Amino acid sequence: MGSLRSEAPEERDFFFADNLEPHATRRKEILKAHPEITKLMGPEWRTKYIVAATVALQILLACLAKKWSVWTFVAVAYVVGATVNHSLFLAIHELAHNLGAKSSSANKIIGMVANLPIVFPYCITFKPYHMAHHRNQGVDGIDTDVPTFLEGYLITKSSYNRVDHTIRKAIFMFFQIFAYALRPMFIKPDLVPFDGWVLCNLLVMAAFDYFMFVAVGWQAVVYFLLSTFFAGSIHPTAGHFIAEHYVMEGQA
């Protein structure tokens, strides 16, 4: 594999390879070894009920948030809220693959329910970007899961200093949810057309956020925001982001 700059391990940032798209290769290998897995494929009817219960739990906690001290607020948002919202991230991922219901429309509707405690409307726009990720995994300029050169530069430009390098990585991982949210807007801003579904997602989220703010208070909205931030930050549930999207030292 090649790298952007030199072959010295401490200076590597991006690796380039001509390997086949790993999802397709892995799928063939797994199905060949375990053909019985095909019996588990298809929509999971329980998804909508699990999503509804999960969203209800977050709304309940948001209603209780105004009674908590600052430390309790932060602790619950990190331990419970982030775990719950990350599970909703993953539910939206499965729904993007039409695995929550038989029709595409039903999956989108369930996705909008799962989107509620996350504050920002994204479940509809997520699908096109995620499908592009699967079809063009690792292709620079198309796969928005690949960090930009700017991100790589900010993290690795002082890589000769391991302490500094570690601090930069920690800061990036702490705020990585912003990279995931904003990166598609800079790389492929025209990928998703503004259609009725996008508008519906936007209006539903705006109405829900406004309702929670008026009916419960600003603490509810802040609880949702903090839960979403922690869910994509340095949190046990977010560990798969690192495992799935970054090359570890010694893997090349």
Side-chain angles (χ1 to χ4, degrees), residues 4 13-27 43 47 51 85-86 88-155 172-173 175-206 208-209 225 228-229 231-233 238 240-247:
L4 279 180
D13 36 31
F14 287 83
F15 289 92
F16 296 92
D18 296 323
N19 301 336
L20 294 175
E21 196 279 304
H23 286 118
T25 303
R26 195 179 306 124
R27 175 189 173 92
T47 299
V51 165
N85 273 16
H86 198 93
L88 294 173
F89 290 169
L90 299 182
I92 290 172
H93 169 272
E94 297 303 294
L95 292 161
H97 285 279
N98 292 329
L99 294 176
K102 293 182 179 180
S103 73
S104 177
S105 296
N107 280 284
K108 289 177 180 177
I109 292 170
I110 300 169
M112 282 192 274
V113 175
N115 199 162
L116 292 177
I118 297 172
V119 180
F120 303 101
Y122 91 98
C123 68
I124 300 300
T125 55
F126 171 77
K127 181 172 182 174
Y129 285 110
H130 188 64
M131 294 302 103
H133 157 70
H134 277 287
R135 290 191 296 267
N136 305 278
Q137 191 176 72
V139 178
D140 187 36
I142 300 179
D143 182 0
T144 58
D145 279 16
V146 176
T148 62
F149 282 82
L150 176 61
E151 292 171 73
Y153 172 74
L154 293 175
I155 295 171
F172 175 78
M173 297 313 302
F175 293 103
Q176 69 170 326
I177 193 168
F178 294 109
Y180 277 104
L182 299 175
R183 195 184 295 139
M185 300 179 190
F186 292 99
I187 296 178
K188 295 285 289 183
D190 58 343
L191 182 63
V192 182
F194 190 86
D195 60 8
W197 282 108
V198 174
L199 178 61
C200 183
N201 189 197
L202 179 63
L203 293 177
V204 167
M205 288 304 305
F208 177 76
D209 293 342
L225 283 169
T228 297
F229 172 73
S233 182
H240 68 94
F241 285 148
I242 304 172
E244 293 168 356
H245 301 114
Y246 302 99
V247 176

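Just so we're clear, the structure is a prediction, and the values are computed from it rather than from any experiment.
Here the closest heavy-atom approach between residue Ile110 and residue Ala101 is recorded as CD1-CB, 4.2 Å. When all heavy atoms of Asn115 and Cys123 are compared, the closest pair comes out as OD1-N, 3.1 Å. When every heavy atom of Met205 is checked against every heavy atom of Val119, the shortest pair comes out as CE-O, 3.1 Å. For His86 against Ala231, the heavy-atom pair with the smallest separation is ND1-O, 2.8 Å. The two atoms that bring Ile124 and Pro128 nearest to each other are O-CD, 3.3 Å, heavy atoms only. Leu202 and Pro121 get closest at one heavy-atom pair: CD1-CG, 3.8 Å.
At least one side-chain heavy atom of Leu90 sits less than 4.5 Å from a side-chain heavy atom of His240. Put simply, the side chain of Leu88 reaches to within 4.5 Å of the side chain of Pro117, judged on heavy atoms. The shortest side-chain heavy-atom distance between Val192 and Trp197 does not fall under the 4.5 Å cut-off.
Atom NZ of Lys127 and atom NE2 of His97 lie 9.0 Å apart (nearest 0.5 Å). Rounded to the nearest 0.5 angstrom, Asn107 CG and Leu95 CG are separated by 5.5 Å.
Side chain of Asn201 to main chain of Met112: no donor-acceptor pair is present (N/O by atom type, distance under 3.5 Å, no hydrogens or angles). Without hydrogens or angle criteria, Tyr129 side chain to Lys188 main chain gives a donor-acceptor distance under 3.5 Å. The closest donor-acceptor contact from the side chain of Ser233 to the backbone of Phe175 lies at 3.5 Å or more, if one exists at all.
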Problem set entry | side chain to side chain contact (heavy atoms under 4.5 Å, CB included) evaluation trace for Phe126 with His93 | CA-CA 8 Å; Phe126 171 77; His93 169 272; 4.3 Å; yes
For this session: Please test Ile118 against Ile92 for side chain to side chain contact (heavy atoms under 4.5 Å, CB included), starting from the C-alpha separation and ending with a verdict.
Result: CA-CA 11 Å; Ile118 297 172; Ile92 290 172; 3.9 Å; yes
Exercise. Stepwise, does the side chain to side chain contact (heavy atoms under 4.5 Å, CB included) test hold for Phe120 with Leu225?
Worked result: CA-CA 9 Å; Phe120 303 101; Leu225 283 169; 3.7 Å; yes
Exercise. Can you check side chain to side chain contact (heavy atoms under 4.5 Å, CB included) on Thr47 and Val51, steps first, answer last?
Worked result: CA-CA 6 Å; Thr47 299; Val51 165; 4.1 Å; yes
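Within a 6.0 Å sphere centred on CZ of Phe186, heavy atoms belonging to other residues, nucleotides or ligands number 12 at most.
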